[in-house]
Amino acid sequence: VTHTLRIGYFYPEHLNLYGDNGNVEILSYRARHRGFSVEVHNITTATDITLEQYDDLNIIFMGGGPDSGQKAMYDDLVNSKKAFIHQFIADGKVGLFVCGAYQLFGHYYKAADGSILQGIGVFDLYTEHFGSNKPRCIGNTYAKLTSSITDDPLFPKTELGTHIVGFENHGGRTYLGAGVAPFAQTIKGHGNNTEDKTEGALHNNAIGTYFHGPFLSRNPHVADYLIYKALRLTPYEVEQLPKIDDTLVIAAHTASKNLKQ
Ligand code: GLN
């Protein structure tokens, strides 16, 4: 068992809209409370990801950002980090990619100004922003997690059940191909594209989502799931872990289900 959660936090300087960095804080907090040590490695455009110190990362995170933030890290993602990320995901390690990052993990992202950014192709999907021709997808969200996650023996059985709550704000609309599963099924909100009720994407243990901000603070069951997967715990080991009092979080999560979109 690996007892250290080693988080690679990509591009904190460019992709941190609505406090997406809160996800890294929640992962760290919840892992530490279970007695695990935590290392957070900030990975910027200046980072040489081939260095040995990055071999042992067991979870990577990338937040959202406006088109300008995406363009600022784009060259580095494609030229310096793409091979690492592909290998990481192929190895079954855990990744969470929000909004602006998620969009760049598909085949391409067509930005509001019409320019096309080729994606790194981790997910079989593409995204198009229709500029002022279509309204942005904004508001509170509520969705049901895909069953391959909730059927996993490591998925925590809590009173939060199999649903997630969040907030989205994106102009890009994402369309999934046959080679990728949705992360969740939307109940409230636009999700990937408003049309097909899918939200986000799942490939191996890589998750893409439009749920912004400190998504994991509002969805501690997902946070714990990612930690258990990243550390490759057994269900027995999970049973032995100290519990965290989530009374307030559960109350907030439950209340959020009734927010207006
Ligand atoms: N620029 C992208 C869009 O508007 C991503 C925005 C975001 O990360 N919130 O679709």
Side-chain angles (χ1 to χ4, degrees), residues 10-23 45 61-79 82 96-143 164-203 206-215 218 256-261:
F10 279 75
Y11 307 120
E13 77 282 33
H14 296 301
L15 298 178
N16 181 22
L17 215 53
Y18 310 117
D20 289 327
N21 65 310
N23 292 313
T45 53
F61 173 73
M62 212 178 286
D67 286 16
S68 58
Q70 289 170 290
K71 284 176 183 165
M73 42 63 75
Y74 174 75
D75 284 343
D76 181 71
L77 174 71
V78 171
N79 297 321
K82 176 179 170 176
L96 178 63
F97 311 106
V98 175
C99 199
Y102 167 48
Q103 295 173 339
L104 297 179
F105 275 52
H107 299 304
Y108 69 88
Y109 172 54
K110 185 173 178 192
D113 64 8
S115 59
I116 293 199
L117 301 179
Q118 292 301 323
I120 61 171
V122 165
F123 297 120
D124 178 20
L125 57 83
Y126 66 92
T127 303
E128 295 193 358
H129 193 310
F130 296 88
S132 50
N133 295 325
K134 285 196 182 180
R136 293 183 66 80
C137 303
I138 306 176
N140 292 303
T141 53
Y142 175 40
I164 49 177
V165 294
F167 170 78
E168 63 185 335
N169 183 355
H170 51 109
R173 282 161 165 82
T174 296
Y175 300 91
L176 303 182
V180 69
F183 173 47
Q185 196 83 22
T186 60
I187 296 167
K188 197 183 282 183
H190 300 274
N192 282 327
N193 53 45
T194 319
E195 296 155 38
D196 64 15
K197 301 259 176 227
T198 66
E199 149 49 36
L202 174 71
H203 173 68
I207 292 169
T209 181
Y210 274 115
F211 282 28
H212 246 305
F215 163 62
R218 302 175 71 181
S256 293
K257 290 183 190 174
N258 298 319
L259 288 172
K260 277 215 218 106
Q261 186 191 335

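What you are looking at is a predicted structure, and each value in this text was computed from that prediction instead of being measured.
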Report yes if the side chains of [X] and [Y] come closer than 4.5 Å at any heavy-atom pair, otherwise no.
X      : Y      : result
Leu125 : Phe105 : no
His212 : Leu17  : yes
Ile120 : Leu104 : no
Ser256 : Asn140 : no
Glu13  : Thr45  : yes

Report summary line: Sorted by chain and number, sequence neighbours left out, salt bridge (Lys or Arg N to Asp or Glu O under 4.0 Å) with Asp67 holds for none
Report summary line: Those residues at least two apart in sequence (or on a different chain) that pass salt bridge (Lys or Arg N to Asp or Glu O under 4.0 Å) with Lys71 are Asp113
Query raised in the report: In chain order, what residues pass the ring-ring contact (aromatic ring centres under 6.0 Å, His included) check against Tyr74, with sequence neighbours excluded?
Result: none
In Å and rounded to the nearest 0.5 Å, what is the [atom1] to [atom2] distance from [X] to [Y]?
X      : Y      : atom1 : atom2 : value
Lys197 : His190 : NZ    : NE2   : 10.5 Å
Thr209 : Phe97  : OG1   : CZ    : 12.0 Å
His129 : Lys110 : NE2   : NZ    : 11.5 Å
Thr127 : Asn193 : OG1   : CG    : 9.5 Å
Leu77  : Gln70  : CG    : CD    : 10.5 Å
Asn192 : Cys137 : CG    : SG    : 9.5 Å

Check [X] against [Y] and note the closest heavy-atom contact, atom names and distance.
X      : Y      : answer
Gln118 : His107 : OE1-O, 3.4 Å
Ala181 : Leu176 : C-CD1, 4.2 Å
Gly191 : Thr186 : CA-CG2, 3.6 Å
Ala101 : Leu15  : CB-CD1, 4.2 Å

**Report entry** With Lys188, the side-chain contact (heavy atoms from CB on, under 4.5 Å) member among Gln261, Lys257, Lys260
**Finding:** Gln261
Is there a donor-acceptor contact under 3.5 Å from the side chain of [X] to the main chain of [Y]?
X      : Y      : answer
Glu199 : Ala184 : no
Asn16  : Pro12  : no
Glu168 : Gly189 : no
Asn23  : Gly213 : yes
Asp20  : Gly63  : no

Query raised in the report: Between Thr141 and Tyr210, does any side-chain donor sit less than 3.5 Å from a side-chain acceptor?
Result: no
Query raised in the report: Would you say the side-chain atoms of Tyr175 and Glu128 include a donor-acceptor pair closer than 3.5 Å?
Result: no
Requested in this report: Show the numbers, then the answer: is there a side-chain contact (heavy atoms from CB on, under 4.5 Å) between His203 and Asp124?
Outcome: CA-CA 9 Å; His203 173 68; Asp124 178 20; over 6 Å; no
Whether [X] and [Y] hold their rings parallel, tilted or perpendicular, with breakpoints at 30° and 60°:
X      : Y      : value
Tyr11  : His14  : tilted
Tyr102 : Phe123 : perpendicular
Phe167 : Tyr18  : perpendicular

